[in-house]
Q: 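Dropping a structure here in structure tokens format, bear with me for questions.
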Amino acid sequence: MKNICFYFEIHQPLRLRRYRFFEIGQDHYYFDDFQTEDRIRGMVEQAYLPAIRTIAEMIRSSNGKFKCSFSISGVAMEQLEQYAPEVIDGFRDLAKTGSVEFLAEPYAHSLASVYNRSEFEQQVKLHSKKIEALFEKKPTVFRNSELIYSDEIGEIVSALGFKTMLIEEVKYVMGWKSPNFVYNHSYIPKLKLLVRNNKLSDDIAFRFSDHSWSDFPLSAEKFIRWISELPKSEPVVNLWMGFEAFGFYQRAESGIFEFLKALPYHAMEQGHSFALPSEITKKFDSVDSLTSPYPTSWSGEKDLSVWNGNDLQQEALNKLYAVSERVHLCKDAPLKNDWLKLQTTDNFRYMSHFDAFGTHYTSPYEAFTNYMNVLADFLDRVDAQYPTTIENEELNELLKTIISQESEIATLEEELKKARARKKKEE
Amino acid sequence: MKALMFGWEFPPHILGGLGTASYGLTRGMSEQPDMEITFVIPKPHGDEDQSFLKIIGACNVPVVWKENSWEHVNNRIGKIMHPDEYFWLRNGIKYDFRRIYTNDLGCIGFSGKYPDNLIEEISNYEAVASVLAHQLDFDVIHSHDWLTYPAGRFAKQISGKPLVIHVHATDFDRSRGKVNPTVYKIEKDGMDAADHIMTVSDLTRRTVIEKYHQHPNKVTTVHNAVEPLPDVDSFVKTPRKDKIVTFLGRITMQKGPEYFVEAAARVLSKTKNVRFVMAGSGDMMNAMIDLAAKRGIADRFHFPGFLRGRDVNEMLAQSDVYIMPSVSEPFGISPLEAMQVGTPSIISYQSGCAEILTHVVKTDYWDIDAMADAIYGIVTYPAMYKSMKELGLEEVNNIKWYDAGLKVRAIYDKVIRKH
């Protein structure tokens, strides 16, 4: 008897428009709305909508026994609200069934967890607020963008009040350990870790319609049988993947939706059940702790190299995060909005020489120049508000003075009033 | 394996890319242990490097039988060719070429350049080929570029050996589509007669297939490579205040110089610490000087004129960006030379070398905005410069003539087997 835990990631980046250097300082709009809309609509029609429909049907026909969780990045939520509100409605309906859980993550699908702690915390709070506003439920389980995890990040997440976090099955963290147990953080035992089952997840997400795969074709029965064949003592099977797997990477013609629909039947027939991440960590105690001194992720070499592996990416990231303190001080809403969108990991992945997944640029160099041009304009705007000639600390001091000025004046006036009153009395 | 090659140029006396490519390819092929190359050029100067192949000068091959003493021959051409060889080649005269003007040795005078009577020189070259085809021993004939196709064809006709032709450029590249019918005929006849055609890029391969109506199976791309610079460390970039962006090549329609000037104007509208250099000469040079003045950037736009030899590498090494906005470039070896000395390159998609390079910026030749953007990016963002410099160097060092030579060899083997 296994607990199958499904979790689907939904994220689409905002595409930057072609931004030439002579527009720096002239034009402050950075996004290619046409392309963004085109991509998200394509994704919605091919994948999200049919998949949501399928899942709704699975929940209905299994009387709520089928359960799954979603993590939708803030950037993707904004796009869905704008271009495909029917998807948000679909998720709301799913939320009402009670068989669905929404996870917390950084709003901008960013690397803030690695580069700037306070930015990371702000983004997580922003995202939770957004999820609560849309689906009327506060998320309790955390998953980082791209499943990035390290001991340090775990510590921050725990401090933010989360008790469960999802991580990737990475060889040098797991060693011989099986992903099919509940683990905990290396020195904070109350933060429980769930580990993605690499092989079984990718069988669905990437190999399902691969004709050259030795196990092709994959039927629901066969897949559940593999789960049954796992050692008896292992209680959990975590199947996590991008939601695009259904309908986009695995086309509808490949029978992926039929496969999905048949899963609950075969699972129950062979005595398995479905569970949400929050239920699993309540149900099972952790068997061991995991130590991860360096950040791991679910992409490329399972580290951060696809986002910060080369000089271009590092330059862009360093320039971007160098101004985070200043941006935090800003009150300008459009600036803050752009700040979030510029942090999306995809922007940096397009600069990778080896693995520029999903890029719309012809080369990493083009991706870099375009991003840097946008960033140059953005930095100019930040600079206009808080000049870089002033040191961060100095700036903080000045601001503190300005902010506390009012309360100071108020207390002084209060005192003055009292003194005046006293004086009157005496007279 | 013995190959008889017909070429037109050979270093150190070269006028264009053909000589460089001929040298590199033969040198790469000579690393194959059983490869023997005889390379025919119209007029050798005697200082060519013959350590890895044998060079025969067409101007020293008798095509009309004349009686001469051994001493006289030795006096006349002894520096370049052994008199015994002269007498031995003389036995290969089987046709009457007395209609051609010859000197006292019965040899034809060649300029070895691109003179006005080029067509005549090409057909004279054919006469020389007939003598060589009768007398030399070889397995395959290899003709470099259209000037030598007729010679190759004739040699094939005489010897019955397979002919491979190497297309370094077509008239469509040189003329932006307005082809010269005489040249086209020579090219087309050569391709029709060839057993196999090699092109320097897929771009050229497409032209050969589409414009010269060749069967795709008969056309193979063998990308050019670049000879390693022996004294690469001697080129050191002098630190200076201004960044330098360089265009280097003939200033003609084919190379797209006007797009470079326009891109320069855009860059200078935003930033001032950049200088632009247009090295070379050509029929559009004055027009470009005018254009630079008209755009008001003449103070930052420089024309050092035609550079050769070490000056070329020196100029490339001193540059921060090398740009080649060619409208139609069969291959274009200069970006590879720039990358060798660590200079990032911007090239047009319409250049053959774009097919094999990744650590360069590629734009369309007409897209001056993209070009300006790339220039700006490289001179403004150090990470971009550093990345392109380091990765580009690594990349270009792995493009070897030896590998190109192996591809040529495979084609030789194929045509000989079929023959």
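Throughout, a chain's letter reflects where its sequence line sits, starting with A, and its residues are numbered from 1. All figures in this text were calculated on a predicted structure; none of them were measured in a lab.
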Q: Which answer fits T358(B), side chain, backbone, both or neither, if we ask what part of it has an atom under 4.5 Å from a heavy atom of chain A?
A: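 Only the backbone of T358(B) comes within 4.5 Å of chain A.
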Q: E315(A), Q314(A), R18(A): which one forms the most heavy-atom pairs within less than 4.5 Å of chain B?
A: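 Ranked by contacts with chain B, first place is E315(A).
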Q: Among A370(B), P382(B), A374(B), which residue forms the greatest number of heavy-atom pairs with chain A at distances under 4.5 Å?
A: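 Max contact count across the listed options: A370(B).
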Q: When you check the side-chain N and O atoms of N273(B) and T271(B), is any donor under 3.5 Å from an acceptor?
A: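 Checked: N273(B)/T271(B) side chains pair up, N/O donor to acceptor below 3.5 Å.
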Q: Less than 4.5 Å to any heavy atom of chain A: does that hold for the side chain of V360(B), its backbone, both, or neither?
A: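 Only the backbone of V360(B) comes within 4.5 Å of chain A.
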Q: Run the salt bridge (charged side-chain N to carboxylate O under 4.0 Å, His left out) test against D151(A) and tell me which residues pass, sequence neighbours left out.
A: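 D151(A): no salt bridge (charged side-chain N to carboxylate O under 4.0 Å, His left out) contacts found.
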Q: Does any backbone or side-chain atom of F368(A) lie under 4.5 Å from a heavy atom of chain B? Answer side chain, backbone, both or neither.
A: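 For F368(A), the side chain is the part near chain B, not the backbone.
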Q: Given F348(A), which partner from the list Y371(A), W307(A), Y115(A) fulfils the ring-ring contact (aromatic ring centres under 6.0 Å, His included) test?
A: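 In the set Y371(A), W307(A), Y115(A), the residue that makes a ring-ring contact (aromatic ring centres under 6.0 Å, His included) with F348(A) is Y371(A).
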Q: Got a salt bridge between K270(B) and E23(A), using NZ or NE/NH1/NH2 to carboxylate O under 4.0 Å?
A: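 Result for this pair is no, no salt bridge flagged.
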Q: Angle class for the F21(A)/Y376(B) ring planes (parallel below 30°, perpendicular above 60°, tilted otherwise)?
A: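 Plane angle under 30°, so parallel.
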Q: Side chain, backbone, both or neither: which part of A376(A) has a heavy atom under 4.5 Å from chain B?
A: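 Side chain of A376(A) only, per the 4.5 Å heavy-atom cut-off to chain B.
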Q: Among G377(B), A383(B), S269(B), which has the most heavy-atom pairs under 4.5 Å with chain A?
A: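 Heavy-atom pairs under 4.5 Å are most numerous for A383(B).
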Q: With a 4.5 Å cut-off on heavy-atom pairs, point out which of H359(B), R266(B), K362(B) contacts chain A the most.
A: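 It is H359(B).
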Q: Ignoring hydrogens and angles, write down the donor-acceptor pairs under 3.5 Å from the side chains of residues 384-391 of chain B, residues two or more places apart or on other chains.
A:
{"from": "K386(B)", "atom 1": "NZ", "to": "D311(A)", "atom 2": "OD2", "distance (Å)": "3.1"}

